[in-house]
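Single-structure report; data block below.
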Amino acid sequence: VQLQASGGGLVEAGESLSLSCAASGHTFSSLAMAWFRQAPGKERESVAGISWGGGKTFYEDSVKGRFTISKDAKNTLYLQMNSLRPEDTAVYYCAADDVLDLTSSSWYQPNLYDHWGQGTLVTVSS
């Protein structure tokens with residue numbers, strides 16, 4: 001599975017940005033997918049996840065109510081980010097797994113995902 005993330009950029013606090021992650025090379029019709037981010041000098045952290053069929057979504061508390069994760073039938077993953085804050089500044093990575101579906105106790109674990117995109121930089125100025 002190859003993942004290609006796009007959509008990052010520079011925005012001001014309070015503005016919105018939408019990220020996309022196109023998946024290719026997979027043989028399964030559905031993928032469990034997620035967004036992670038890594039800020040300068042910090043460890044990679046989970047942001048949001050979505051189950052195989054898209055029926056279950058998961059969010060970190062810091063982004064609940066502001067970010068929305070979704071995916072379409074071609075397993076293109078999206079992250080709509082509203083009310084952005086300077087602390088949202090990070091490189092955002094998409095991740096996918098074609099073996100296990102997500103649960104509330106597993107989705108945030110990076111080692112669950114076998115496939116990762118290259119990352120896209122989001123910078124939020126104050």
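Source: prediction; values computed, not measured. Computed from heavy atoms alone, side chains included, the values below leave out hydrogens, waters and symmetry copies.
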Starting at CG of L79, measure out to OH of Y92 and round the result to the nearest 0.5 Å. 7.5 Å
Taking a hydrophobic cluster as the set of Ile, Leu, Val, Met, Phe, Trp and Tyr residues connected by side-chain heavy atoms closer than 4.5 Å, whether directly or through intermediates, do Y93 and L102 fall within one such cluster? yes
Is there a side chain to side chain contact (heavy atoms under 4.5 Å, CB included) between D101 and S51? Walk through the geometry before answering. CA-CA 6 Å; D101 204 359; S51 62; 3.3 Å; yes
Counting only pairs under 3.5 Å, give me each side-chain donor-acceptor contact of residues 80-87, with atom names and distances, residues two or more places apart or in other chains.
from	atom 1	to	atom 2	distance (Å)
Q80	NE2	N82	OD1	2.9
N82	OD1	S16	OG	2.9

Tell me, please, which residues at least two apart from F36 pass ring-ring contact (aromatic ring centres under 6.0 Å, His included). Y113, W116
According to side-chain hydrogen bond (donor to acceptor under 3.5 Å, both in side chains), who are the partners of Y108, at least two apart in sequence or on a separate chain? none
Sequence neighbours excluded, every pair satisfying salt bridge (Lys or Arg N to Asp or Glu O under 4.0 Å) that has a member inside residues 41-52: R37-E45
Is there a path from V91 to L10 through hydrophobic residues (I, L, V, M, F, W, Y) whose side chains come within less than 4.5 Å of each other? no
Any residue meeting side-chain hydrogen bond (donor to acceptor under 3.5 Å, both in side chains) with N111, in chain and number order, not counting sequence neighbours: none
Does some side-chain heavy atom of V124 sit less than 4.5 Å from a side-chain heavy atom of L17? no
Minimum heavy-atom distance between S20 and W35, given as atom pair plus value: O-CH2, 3.7 Å
Can you hop from V47 to I69 via hydrophobic side chains spaced under 4.5 Å? yes
Does L112 share a hydrophobic cluster with V99, counting links as ILVMFWY side-chain heavy atoms below 4.5 Å and allowing steps through other members? yes
Non-neighbouring partners of S105 that pass side-chain hydrogen bond (donor to acceptor under 3.5 Å, both in side chains), sequence neighbours left out: T103
Determine, stepwise, if the pair V1 / D114 fulfils side chain to side chain contact (heavy atoms under 4.5 Å, CB included). CA-CA 9 Å; V1 178; D114 294 326; over 6 Å; no
Without swapping roles, check the side chain of Q38 against the backbone of A90 for a donor-acceptor pair under 3.5 Å. no
Just by distance, do the side chain of Y59 and the backbone of G65 share a donor-acceptor pair under 3.5 Å? no
Answer with yes or no whether the hydrophobic clustering places Y78 together with V122; edges join I, L, V, M, F, W, Y residues whose side-chain heavy atoms lie under 4.5 Å apart. no
Sequence neighbours excluded - salt bridge (Lys or Arg N to Asp or Glu O under 4.0 Å) pairs with any residue from residues 51-68: D61-K64, R66-D88
How close do K71 and G54 get, counting heavy atoms only, and between which atoms? CE-N, 4.2 Å
Hits for side-chain contact (heavy atoms from CB on, under 4.5 Å) against E12, two or more places apart or cross-chain, chain-then-number order -> E15, S125
Test log, rule side chain to side chain contact (heavy atoms under 4.5 Å, CB included), inputs H115 and L31: CA-CA 10 Å; H115 312 285; L31 297 170; 5.8 Å; no
Can you tell me how far the CH2 atom of W52 sits from the CG atom of D98, to the nearest 0.5 Å? 9.0 Å
Gap between atom OG of S6 and atom CG of L19 - 0.5 Å precision: 8.0 Å
So disulfide (SG to SG under 2.5 Å) across residues 57-88, not counting sequence neighbours, yields none
Tell me, which pairs form a disulfide (SG to SG under 2.5 Å) where one or both residues lie in residues 34-105, sequence neighbours left out? C21-C94
Atom pair OG1/CD of T76 and Q4 - distance to nearest 0.5 Å: 11.5 Å
